[in-house]
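Taking it in order: structure first as structure tokens, then the write-up.
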Amino acid sequence: MKSSKKIFVAGLLTVAVSSVHAAETVIDFEDQNVISFNNAVDNLTIDNVTFETLAGGGFVIQEGANQVQVSSDDYIGKMLANGGIGFSSLKLSFNTSVSDFSFNFGGNQDEWQLNAFNASGLEVDSLLIDSIPIAGTQNGQLFGLSSTLPEGISYATLTSLAAPNFLVDTVGIDNVKYNTIGNNSSTPPPAVSPIPEPSTYALMLGGLGLVGFMAYRRRKA
């Protein structure tokens with residue numbers, strides 16, 4: 001009887017936990033308006049992510065390659081780019097902490113440093129993106145970071161390691177993917193729906209039936 005109760009409760013907990021896990025979110029910029037370099041911006045929020053210039057000029061949403069050679073099927077259409085006159089350091093802030101994130105990155109001839117931080121400013125992961133001697137040969141490769149800490153990643157920075165000069169390394173970012181963990185201190189976790197799904201009803205009925213059967217056997221004995 002005790003083991004049956006444990007199975008029943010474990011099943012209910014599995015359903016409850018699975019309901020709070022969010023699916024991976026992708027920002028592909030395709031639904032964004034094109035922003036020209038005459039109207040470059042230094043701050044833009046899309047879905048759960050705020051893109052912010054930390055150093056250098058602003059950034060744009062551009063259609064097609066435009067100085068960033070493209071060969072990857074995942075690195076086409078609209079993208080966020082600096083056009084060689086924009087940012088040399090970019091910050092990505094997540095409104096709700098994430099367990100991991102990634103994006104397609106291309107066009108760089110210089111080294112770029114990617115760092116991830118939690119809400120307290122503690123670095124939780126980092127990655128050096130190697131320089132490519134020929135412009136555009138880093139054609140939309142996928143780069144990303146993750147955290148095993150409970151609080152996850154609150155923000156990340158992408159910074160050029162080239163010596164300051166008049167022209168910034170031309171790069172483009174596309175398909176920003178992330179998985180929220182729902183335990184950001186400033187944002188409550190996603191609420192579990194008070195209305196059970198059909199699978200939950202089936203599990204509950206099965207558990208009740210098992211409890212009734214065991215009670216019947218005890219009475220009969």
Side-chain angles (χ1 to χ4, degrees), residues 23-96 98 100-116 126-145 153-180:
E24 182 179 64
T25 301
V26 181
I27 299 176
D28 61 9
F29 302 104
E30 296 306 311
D31 58 350
Q32 299 298 306
N33 294 327
V34 171
I35 301 175
S36 68
F37 281 102
N38 291 330
N39 300 297
V41 298
D42 57 15
N43 190 291
L44 180 65
T45 298
I46 305 174
D47 295 335
N48 187 50
V49 184
T50 297
F51 302 89
E52 178 185 2
T53 295
L54 294 181
F59 51 86
V60 301
I61 303 296
Q62 67 179 35
E63 183 84 48
N66 190 15
Q67 300 185 56
V68 180
Q69 301 299 314
V70 176
S71 63
S72 170
D73 290 338
D74 293 327
Y75 197 60
I76 58 177
K78 294 180 183 178
M79 66 182 70
L80 186 151
N82 66 358
I85 58 174
F87 67 83
S88 59
S89 182
L90 184 71
K91 181 179 181 180
L92 289 72
S93 300
F94 301 96
N95 295 338
T96 301
V98 302
D100 59 89
F101 73 93
S102 63
F103 52 78
N104 293 105
F105 182 73
N108 65 302
Q109 288 182 271
D110 300 324
E111 290 182 326
W112 286 73
Q113 180 71 40
L114 183 62
N115 301 85
S126 64
L127 172 69
L128 176 65
I129 301 177
D130 290 334
S131 60
I132 302 297
I134 302 175
T137 54
Q138 192 98 290
N139 291 330
Q141 293 183 29
L142 187 68
F143 298 96
L145 299 176
I153 298 171
S154 180
Y155 66 94
T157 58
L158 176 67
T159 303
S160 172
L161 299 184
N165 51 44
F166 291 106
L167 294 178
V168 178
D169 191 21
T170 302
V171 295
I173 295 173
D174 200 4
N175 302 312
V176 179
K177 304 177 183 179
Y178 59 89
N179 289 285
T180 58

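Computed from heavy atoms alone, side chains included, the values below leave out hydrogens, waters and symmetry copies.
Ring geometry for F105 against F103 counts as perpendicular: the plane angle is over 60°, on a 0 to 90° scale with 30° as the lower cut. Under the 30°/60° scheme for interplanar angles, the aromatic rings of F59 and F51 are found to stand perpendicular. Ring geometry, W112 versus F87: the interplanar angle exceeds 60°, so the pair is classed perpendicular (tilted spans 30 to 60°).
Residue F94 holds its CZ atom at 8.0 Å from OH of Y178, rounded to the nearest 0.5 Å. For the atom pair F101 CZ and N179 CG, the distance stands at 12.0 Å (nearest 0.5 Å). To the nearest 0.5 Å, atoms CG (N48) and OG (S93) are separated by 10.0 Å. To the nearest 0.5 Å, atom CG of residue D28 and atom CD of residue E30 are 5.0 Å apart. Distance NZ/K91 to OG1/T157: 9.0 Å, rounded to 0.5 Å. To the nearest 0.5 angstrom, D47 atom CG is 9.5 Å from N95 atom CG.
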Q. Can you list the steps and then say if L161 with L128 is a side chain to side chain contact (heavy atoms under 4.5 Å, CB included)?
A. CA-CA 10 Å; L161 299 184; L128 176 65; 3.6 Å; yes
Q.
Go through it in stages, so that I can follow the logic: the residues are S160 and S88, the test is side chain to side chain donor-acceptor pair (under 3.5 Å), and I'd like the CA-CA distance, side-chain angles, deciding distance and then a yes or no.
A. CA-CA 5 Å; S160 172; S88 59; over 6 Å; no
Q | Audit row: N104, D174, side chain to side chain donor-acceptor pair (under 3.5 Å) steps and yes/no | A | CA-CA 5 Å; N104 293 105; D174 200 4; over 6 Å; no
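Looking at L158 and I173, their side chains come closer than 4.5 Å, going by heavy atoms from C-beta outward. With a 4.5 Å cut-off on side-chain heavy atoms, I61 and L44 count as touching. Contact check for T53 versus N82: no side-chain heavy atoms found under the 4.5 Å cut-off. Using a 4.5 Å heavy-atom threshold, the side chains of T180 and T25 count as separate. Looking at L80 and L90, their side chains come closer than 4.5 Å, going by heavy atoms from C-beta outward.
When all heavy atoms of N115 and S126 are compared, the pair lying nearest together is ND2-CB, 3.5 Å. Of all heavy-atom pairs spanning S102 and L142, the tightest one is OG-CD1, 3.7 Å. For the residue pair K78 and F29, the shortest heavy atom distance occurs at CD-O, 3.3 Å. A40 and V60 get closest at one heavy-atom pair: CB-CG1, 4.0 Å.
Remark: N33 CG is loosely packed, at most 12 non-hydrogen atoms of other residues, nucleotides or ligands lying under 6.0 Å away.
Using a distance-only test at 3.5 Å, with no hydrogens or angles considered, no donor-acceptor pair links the side chain of D100 to the main chain of G144. The closest donor-acceptor contact from the side chain of D169 to the backbone of D110 lies under 3.5 Å.
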